[in-house]
Amino acid sequence: MAGSSSSSDEKTRLYHPYQDLQIPVKNLYNLPTSPEYLFHEEAAVQRRSWGENLQFYTGSGYLSGAIVGAVKGSVDGLKAAETGDTLKLRINRVLNTGGHTGRRFGNSLGIVGLIFAGLESGIIHMRGSDDVLNSVMAGLGTGALYRAAAGPRSAAIAGAIGGLAAGAAVASKQAIKRYVPL
């Protein structure tokens with residue numbers, strides 16, 4: 001890259017791996033300052049890829065569900081304490097109940113995140129556009145799929161709740177971007 005143009009020099013930074021070691025080797029490397037993408041289509045779109053979406057929604061769902069479930073289970077464990085229990089037995093009951101409920105809630109919300117990410121990515125691919133409607137439709141589908149085993153009435157109610165929740169989340173995200181200075 002000895003004859004690189006000035007336009008590519010603006011998008012790189014010089015890196016000297018031995019600068020702190022006082023070694024007389026003067027190897028300088030041009031490293032890019034922007035993220036690198038495997039496909040040009042990924043660089044053109046200003047949003048997460050489907051794989052990043054899948055990891056983000058699933059991980060966020062599991063983590064938030066585990067935290068809420070652990071708190072709820074711990075409170076239930078404190079309430080279930082019986083008179084005459086030792087401190088060690090009470091602590092064990094709180095930890096066991098919190099861990100069990102946290103895992104259950106985390107797994108449930110992780111699955112919801114997984115379904116939502118898959119549906120949203122599929123809808124974006126099918127429609128060819130990225131807008132609010134995709135998230136609302138993915139929320140509808142997620143709620144309906146998650147509660148489908150409980151019957152059509154339960155699936156319809158859960159689908160409506162999922163669509164409303166996704167619409168509210170997207171609207172609040174846009175309001176925060178617009179009105180809250182960061």
Side-chain angles (χ1 to χ4, degrees), residues 11 32-80 93-182:
K11 296 179 184 177
T33 56
S34 63
E36 294 181 10
Y37 295 98
L38 185 59
F39 302 109
H40 296 291
E41 295 83 18
E42 291 177 344
V45 178
Q46 296 296 321
R47 63 185 267 342
R48 290 188 294 262
S49 69
W50 71 269
E52 292 169 338
N53 250 359
L54 191 71
Q55 292 175 1
F56 176 74
Y57 286 127
T58 305
S60 297
Y62 182 83
L63 182 63
S64 60
I67 290 170
V68 169
V71 169
K72 182 189 180 311
S74 297
V75 169
D76 291 347
L78 285 171
K79 289 179 182 177
R93 178 172 294 153
V94 167
L95 291 175
N96 284 342
T97 310
H100 176 72
T101 308
R103 282 190 303 274
R104 196 180 58 194
F105 278 34
N107 287 338
S108 295
L109 282 182
I111 291 298
V112 167
L114 182 74
I115 295 169
F116 181 81
L119 285 176
E120 186 182 41
S121 295
I123 292 169
I124 288 171
H125 179 72
M126 294 291 287
R127 290 187 64 226
S129 67
D130 186 15
D131 55 3
V132 177
L133 185 60
N134 295 334
S135 296
V136 173
M137 288 181 2
L140 282 165
T142 299
L145 278 175
Y146 187 73
R147 297 295 297 173
R153 182 175 184 267
S154 179
I157 292 170
I161 291 171
L164 288 173
V170 170
S172 64
K173 180 181 174 183
Q174 289 178 349
I176 288 172
K177 276 184 177 179
R178 185 173 189 170
Y179 297 114
V180 176
L182 295 178

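- Between atom CD1 of residue I161 and atom CD1 of residue I157 there is a gap of 7.0 Å, rounded to the nearest 0.5 Å.
- For T58 (side chain) and Q55 (main-chain N/O), no donor-acceptor pair under 3.5 Å exists by modelled atom type.
- The closest donor-acceptor contact from the side chain of S172 to the backbone of A169 lies under 3.5 Å.
- Nearest heavy-atom pair across A150 and S154 is CB-OG, 3.6 Å.
- Under the 4.5 Å side-chain criterion, counting only non-hydrogen atoms from C-beta, N107 is in contact with Y62.
- Note that CZ of R93 is 12.0 Å distant from CG of L95, once rounded to the nearest 0.5 Å.
- Distance alone, capped at 3.5 Å, is enough to place a donor-acceptor pair between the N134 side chain and the S129 backbone.
- A117 approaches N53 most closely through the heavy-atom pair CB-O, 3.8 Å.
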Requested in this report: Take L145 and L119, measure what side-chain contact (heavy atoms from CB on, under 4.5 Å) needs, and give me the verdict at the end.
Outcome: CA-CA 10 Å; L145 278 175; L119 285 176; 4.0 Å; yes

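- Of all non-hydrogen atoms in F105 and G69, the two that sit nearest each other are CD2-CA, 3.6 Å.
- From N96, atom CG reaches atom OG of S74 across 10.5 Å, with rounding to the nearest 0.5 Å.
- Here the closest non-hydrogen pair linking F116 and G139 is CE1-N, 3.5 Å.
- Nearest approach of S64 to L109, heavy atoms of both residues: OG-CD1, 4.1 Å.
- In this structure, I111 CD1 and T142 OG1 are separated by 11.5 Å, a value rounded to the nearest 0.5 Å.
- When all heavy atoms are compared, the tightest approach of A155 to A148 is CB-CA, 3.9 Å.
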Requested in this report: Start with the C-alpha gap between Y57 and E120, add the side-chain angles, then the distance that decides, and say whether side-chain contact (heavy atoms from CB on, under 4.5 Å) holds.
Outcome: CA-CA 11 Å; Y57 286 127; E120 186 182 41; 3.4 Å; yes

